[in-house]
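Let me begin by presenting the structure, written as structure tokens, before commenting on it.
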Amino acid sequence: MSIRFKRALTGALVLAVTLAGAVGAGAKQYIGSEACSECHDEQFEHFVSYSKKAKSWHSIEIMASDLTQAEQESCYECHTTGYGKGGFVSIKETPELADVGCETCHGPGAEHAESGGDTEAIERTPSVEGCETCHNADRVEDFNFKPLIFSGAH
């Protein structure tokens, strides 16, 4: 089985499970970056190859033994996709949304994917204000890092 086929199959399964759980939810649904790769393979490959965001869950894993559960959960907003917005819940329940993925910047992707790529159903050009939720002066001071808002962008 080719990697592309496996990725497409995984994306389709994630989409099906996500949409099945959305009955009556009314909110836009997250599907995970693997599902985005079905149509946006080149952008996905570049993102996972070069962006630190695509590996952001690893930072939580490194720190987990030194953090309480509440402290770990406070990391989720910036180190996962859609936490507190109908996306990431836990590594066991929503592993496809661990890490900062496509939908962190472009918004939930289920409607976009279901429509066959309707550009009105996704945020094509993310705003800097959206980035500043995590990439802000407080975090620079707290964690002594210089946020690279556009790092790993495609």
Side-chain angles (χ1 to χ4, degrees), residues 1-61 63-64 69-136 139 147-154:
M1 203 180 305
S2 74
I3 289 182
R4 179 172 250 162
F5 179 75
K6 285 181 184 177
R7 196 176 292 138
L9 183 59
T10 300
L13 289 172
V14 167
L15 178 60
V17 169
T18 302
L19 294 175
V23 176
K28 291 190 174 191
Q29 298 298 307
Y30 290 86
I31 57 176
S33 295
E34 286 285 331
C36 301
S37 73
E38 291 179 43
C39 298
H40 305 284
D41 188 53
E42 184 178 334
Q43 293 87 347
F44 175 80
E45 289 300 327
H46 188 270
F47 180 72
V48 297
S49 296
Y50 302 110
S51 176
K52 290 181 181 181
K53 292 174 180 75
K55 299 160 189 70
S56 60
W57 181 258
H58 184 65
S59 298
I60 295 173
E61 290 177 318
M63 297 294 298
Q69 184 63 32
E71 289 169 329
Q72 282 182 42
E73 290 173 6
S74 73
C75 300
Y76 294 170
E77 181 181 3
C78 294
H79 287 265
T80 66
T81 299
Y83 179 71
K85 302 173 197 164
F88 181 81
V89 174
S90 71
I91 194 67
K92 289 181 181 175
E93 290 182 59
T94 52
E96 72 280 4
L97 299 175
D99 294 319
V100 172
C102 306
E103 294 164 293
T104 300
C105 301
H106 294 284
E111 183 181 343
H112 174 71
E114 262 189 343
S115 71
D118 178 5
T119 57
E120 296 294 318
I122 199 82
E123 189 170 342
R124 290 195 60 185
T125 307
S127 68
V128 171
E129 292 79 24
C131 302
E132 290 172 340
T133 301
C134 296
H135 295 274
N136 59 48
R139 291 208 169 80
L148 299 172
I149 293 175
F150 301 107
S151 76
H154 43 78

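All residue numbers in this chain count up from 1 along the given sequence.
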Q. Do Glu111 and Lys28 come close enough that some side-chain heavy atom pair is under 4.5 Å?
A. yes

Q.
If you count heavy atoms of other groups shown closer than 6.0 angstrom to CD of Gln69, is the number above 12?
A. yes

(Q) Does any part of the side chain of Tyr30, heavy atoms only, come nearer than 4.5 Å to the side chain of Glu96, both counted from C-beta? (A) no

Q | Heavy-atom pair of closest approach, residues Ile31 and Leu97 | A | C-CD2, 4.4 Å

Q: Check whether any side-chain N or O of Asp99 sits under 3.5 Å from a backbone N or O of Ser56 as a donor-acceptor pair, and report yes or no.
A: yes

(Q) Are His40 and Phe44, when compared by the centres of their aromatic rings, separated by less than 6.0 Å? (A) no

Q. Are the side chain of Ser49 and the backbone of His46 linked by a donor-acceptor contact shorter than 3.5 Å?
A. no

Q) About how many Å separate OG of Ser115 and CD1 of Ile122, when rounded to the nearest 0.5 Å? A) 9.0 Å

Q. Rounded to the nearest 0.5 Å, how far does SG of Cys36 lie from CG of Asp41?
A. 11.5 Å

Q | Whether Lys53 side chain and Cys102 backbone form a donor-acceptor pair below 3.5 Å | A | no

Q.
Give me the atom names and distance for the closest heavy-atom approach of His79 to Ile60.
A. CB-CD1, 3.5 Å

(Q) Working to the nearest 0.5 angstrom, can you tell me the gap between Glu77 CD and Thr104 OG1? (A) 10.5 Å

Q | Main-chain N/O of Phe88 paired with Thr94 side-chain donor or acceptor, under 3.5 Å | A | no

Q: Give a yes or no on whether the backbone of Gly101 and the side-chain of Ser33 come within a donor-acceptor separation of less than 3.5 Å.
A: no

Q. How long is the gap from NZ on Lys55 to CZ on Phe47, to the nearest 0.5 Å?
A. 8.0 Å

**Q.** Backbone of Gly109 reached by a side-chain donor or acceptor of Glu103 within 3.5 Å
**A.** yes

Q | Ile91 side, atom CD1; Tyr76 side, atom OH - distance, nearest 0.5 Å | A | 8.0 Å

Q. OG/Ser127 to CD/Glu132 distance, rounded to the nearest 0.5 angstrom?
A. 8.0 Å

